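Step one of this worksheet: look at the structure below.
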Amino acid sequence: MSFSQLPAHLQAALAQRDYDKPTPVQAEVLKPEVQGRDLVVSAQTGSGKTVAFGLAMASELLTEDGSLRPAESPLALVIAPTRELAMQVSKELGWLYAEAGARIATCVGGMNPSQERKVLRNGPTIVVGTPGRLRDHVERGALDLGQLSCIVLDEADEMLDMGFREELEGILDATPDGRRTLLFSATMPRPIEALARRYQNNALRIATISEQRGHGDIAYEAVTVSPTEIENAVVNLLRYHEAETAILFCGTREKVRHLHAILQERGFGTVALSGEHTQQERNQALQALRDRRARICVATDVAARGIDLPSLSLVIHVEIPRDAEKLQHRSGRTGRAGKKGTAVIIVPYSRRRRVDEMLRRAKIEATWKDAPSREQIREKDRARLLEKLLAPVEIDEGDAELAKSLLSQRSAEEIAGMLVQSHRAKMPEPEDIIPNTPEARRAAKDDGKRPGFEDTVWFRMNIGRKQNAGPSWVMPLICRRGHVTRNEIGAIRIGQDETFFQIPRAHAEKFAAAVARSGESQSDTGDEGDNIVIEASAQGPRDSGNRNRKAYARPSHSGGGRPPHKPKGKGAGKPAYKGKSSGKFEGKGGKSGQDRPASDAPFKKSHKPDGKYDDRPKGKGGGKVKSKNKGKPKGPFSDKPNRKKRAD
C-alpha cells in the first residue's frame, strides 16, 4: 500500500519526511473499511502511531478537495499522558498539516495557562494536551468542544496507569455524541477495554503487535550482576556499546539524581529527566541530546514518555520494571521507525526468576549474559578506533604540513601511539566487574547481611501471631530477658504459634544463660509471662515451616480427605461454647471440655446469671475497647501482648 489515496498536500508532507510507504499501523488506518469508524489500535511503541492517527483523522478535518473544513472551534483533540509526548505529537501533526493551513494549539502543565487560553480563543484546528490541563480549560470555558468531530487518546494505558481516569472521563463526557473516538495504546489491559465499551460505538479493533515477541526491531539482553555492582555494570555497558544516544531508566527521582551525578563524575555527557525538573530544564535536556552535547539520559518512566530521538539505540533498565507492560513501554524508546535498537535489563542475582517470568509474559526472548569486562571493552575500543582511523578523509594543506612536521620529529609508530592515547583519554575508564561465578553469587548473598551477623544462632519463642505478637513487642522482650541491645538481635521471623530470632554466635552462650536466669526469677516472683519460653533452636523458621506443612499434608490415598486443620462442614473450625458457665470450649481441632491454654489466663470470663459473659471493661467506651497501641505490650516490660480480639 502507498499514500496515493491521500490528499496532495499530505502526500507532499510525507515525501519531505522520506515516508515512501506506510508502516503496518498506518496501512491499517488507511483502509477504506476503517474510514469514519471508532478505533481501538494496539501497536508497539515507535511504530508510527502519531502519523497513523494524524492520517486517520484526515476525513474529519479536510473536505473532499483536500481543503480545511471551516470551524470556529477545534475539530480534533489529542490527549497524551505527559508534556513531552504532547509536544512531540503537536510537532508531528504540525508538519503533517502545515500545507493544509491547520493551526495547532498545545496545552500542557508547566506552561502559561493564560497564553494557552489566548491561543484557544483564536480557534485552532487541532488541540493537543495533557489530561489535567485540558480538563481545566474545559471547566473554565476556554476550550469549546461543541464542534469536535474527532478525539484521540494516545498512550491510553499509561494515562489510566497514572491515575487520569477521572480527567479523561470528564473530557469525554463534554464532547458531542457524534464525534469519532480513536484509542491508541501499546498494551490493552482490561481498564482500556472498559473505557472503549463506554465511550466508543461499534469500535473496530486493530492489532499490529507481533504475537511472537514484544518488538521485532529490539534485541533484548539480560545482564546478571551482584547487587553491589549495578553502577559499575552501567558504566561498562555504556562503554561497551558506545551508543550515539542512550537512555537509562530508574524507578525514583532519587535514583535518577544519584546515577546522573555518578556518570557525570566518570566523564559521561549526561542529562537527567524526572518529575522534579521544570519544563524549561526538560526542554534544555532534550535539546542537548538532539545537539549531541550529551549522549546519555537518565530518566524515570513517566518523564521519558514522548521522547523520540532518532539516534537513540540503547535502553538500559537500571532498575527492573514492575511488569511486562512497563518493560515494553521503556524499551520502545529505541527500535523506532524500522531502526534497530538494544534493550538491556540489569538483573541482580536474586531477581533472575522474576525477570524470567516477566519476559515470558511479554513473549520476549532475551539473551542472558554477564556484564562486559574491561578486556572485552578494550577489544571493542580497538575495533572502533581502527574503523575510525582507517576511514577515508580529505586532508587540506595545513593538515598535510603538520603531518610532515610530526614525521620529521617522531617516527610513524610513535605518532600512531600518541594518536591512540589521545583517543582513549577522551573515554571514561571501564570498571572491574566481579565474574559471575557460584562463589560470587554466594558472596553477594552474604554481603546482604548486617556486619557481625555472618554467623548466627536461631532462638525460638513459644508465642506468635495468634497471640498477637509483633516486632514492637518482641524486641523489648528479647532485650530484657537476654540482657542484650537491639543491635545484637538479627532477623526476627514471627509465625502463627512461634517466633524465631537470630543472635550472633559470639553472644549466643551469654544470651542463653541470661534468658535462663531471667526465666527463673520470673517463676519465683510469679510474673504473668513465665509461660513464654525462649530456647535455642537447631532449625530455623524455614525448616520449621516445611516440617509443619508436611505434618498437615493432604493424604494421598484414593479416599482423599481433608487436613486436620481444615475441618469440613458449616461452622467448622470456629469456637463453639456450650452451656452457660463451663469456662471450657471447643476450638479448632479440639474437643469439648479441653482446658484453655495457659497464655489465655488473664482473659478468663466471669459468668452472670443471665448466661452472658462479662469480659469487656466498663467505662466511657460503652463496653468497647479502642486500642491505640496495637501489638505493643501492656506495660514497659510486660511479657503479655495485648489482644485485638476476644480470646474466644
Side-chain angles (χ1 to χ4, degrees), residues 29 34-41 49-50 52-63 68-83 85-86 89-90 92-93 97 102-109 113 116-117 119-160 162-185 188 191-206:
V29 301
V34 175
Q35 303 303 313
R37 294 190 60 179
D38 289 353
L39 301 179
V40 179
V41 182
K49 294 199 305 292
T50 304
F53 64 69
L55 298 175
M57 66 173 67
S59 58
E60 280 70 40
L61 301 179
L62 307 175
T63 60
L68 200 66
R69 294 182 184 276
E72 297 180 357
S73 60
L75 295 175
L77 176 66
V78 182
I79 309 176
T82 65
R83 292 175 284 186
L85 182 56
V89 169
S90 179
E92 292 289 310
L93 296 179
Y97 284 96
R103 291 176 294 178
I104 300 175
T106 306
C107 304
V108 298
E116 292 176 353
R117 286 193 287 270
V119 174
L120 292 174
R121 284 195 295 269
N122 294 331
T125 309
I126 304 172
V127 176
V128 184
T130 50
R133 181 56 63 89
L134 289 175
R135 185 183 182 186
D136 181 66
H137 287 316
V138 170
E139 292 177 345
R140 292 174 179 267
L143 178 57
D144 183 9
L145 302 178
Q147 294 182 280
L148 195 73
S149 57
C150 183
I151 184 170
V152 179
L153 274 65
D154 191 16
E155 303 284 9
D157 55 343
E158 185 67 13
M159 286 192 283
L160 293 182
M162 294 168 62
F164 286 128
R165 174 182 291 275
E166 184 179 348
E167 287 80 0
L168 290 177
E169 292 178 348
I171 296 172
L172 289 168
D173 289 338
T175 58
D177 293 336
R179 50 94 176 92
R180 188 182 180 197
T181 304
L182 310 180
L183 197 154
F184 283 73
S185 177
M188 202 59 57
I192 294 295
E193 296 178 354
L195 192 71
R197 288 193 299 268
R198 179 176 177 182
Y199 290 101
Q200 290 186 309
N201 181 25
N202 191 24
L204 177 65
R205 179 76 176 266
I206 297 175

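Heavy atoms only: backbone and side chains are in, while hydrogens, waters and symmetry mates are out. Note that the coordinates shown come from a computational prediction; the quantities given were computed from them, not determined experimentally. For the single chain, residues carry numbers from 1 onward in sequence order.
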Is there a side chain to side chain contact (heavy atoms under 4.5 Å, CB included) between Ile206 and Val40 once you walk through the steps?
CA-CA 6 Å; Ile206 297 175; Val40 179; over 6 Å; no
Salt bridge (Lys or Arg N to Asp or Glu O under 4.0 Å) with [X]: which residues, sequence neighbours excluded?
X      : answer
Arg135 : Glu139, Glu166
Arg37  : none
Asp136 : Arg140

For the backbone of [Y] and the side chain of [X], can you confirm whether one donor and one acceptor N or O come within less than 3.5 Å of each other?
X      : Y      : answer
Gln147 : Pro74  : no
Arg103 : Asn122 : yes
Asp38  : Thr181 : yes
Ser149 : Leu75  : yes
Arg180 : Met57  : no

For the residue pair [X] and [Y], what are the closest heavy atoms and their distance?
X      : Y      : value
Gly54  : Leu93  : CA-CD2, 3.7 Å
Val108 : Arg83  : CB-CG, 3.8 Å
Val29  : Ala56  : CB-CB, 4.1 Å
Pro176 : Leu148 : CG-O, 3.7 Å
Ala86  : Val128 : O-CG1, 3.4 Å
Pro124 : Val119 : CD-O, 3.6 Å

Show the numbers, then the answer: is there a side chain to side chain contact (heavy atoms under 4.5 Å, CB included) between Tyr199 and Asp173?
CA-CA 9 Å; Tyr199 290 101; Asp173 289 338; 3.1 Å; yes
For Asp177, check side-chain hydrogen bond (donor to acceptor under 3.5 Å, both in side chains) against everything at least two apart and list the hits.
none
Answer yes or no: is there a side-chain heavy-atom contact under 4.5 Å between Leu183 and Asp154?
no
Heavy-atom side-chain contact between Val41 and Leu182 under 4.5 Å
no
The test is salt bridge (Lys or Arg N to Asp or Glu O under 4.0 Å); show your working for Arg69 and Glu60 and say whether it passes.
CA-CA 8 Å; Arg69 294 182 184 276; Glu60 280 70 40; over 6 Å; no
Criterion side chain to side chain contact (heavy atoms under 4.5 Å, CB included) on Ile151 and Arg179, from CA distance to verdict:
CA-CA 7 Å; Ile151 184 170; Arg179 50 94 176 92; 3.7 Å; yes
Gln35: which residues meet the side-chain contact (heavy atoms from CB on, under 4.5 Å) condition with it, sequence neighbours left out?
Ser59
Report the residues that fulfil ring-ring contact (aromatic ring centres under 6.0 Å, His included) with Phe184, sequence neighbours left out, ordered by chain and then residue number.
Phe53
Give, for atom SG of Cys107 and atom CD of Glu116, the distance between the pair rounded to the nearest 0.5 Å.
4.5 Å
Roughly how far apart are Ile171 CD1 and Leu77 CG, rounded to 0.5 Å?
6.5 Å
Criterion side chain to side chain contact (heavy atoms under 4.5 Å, CB included) on Leu204 and Val34, from CA distance to verdict:
CA-CA 8 Å; Leu204 177 65; Val34 175; 3.7 Å; yes
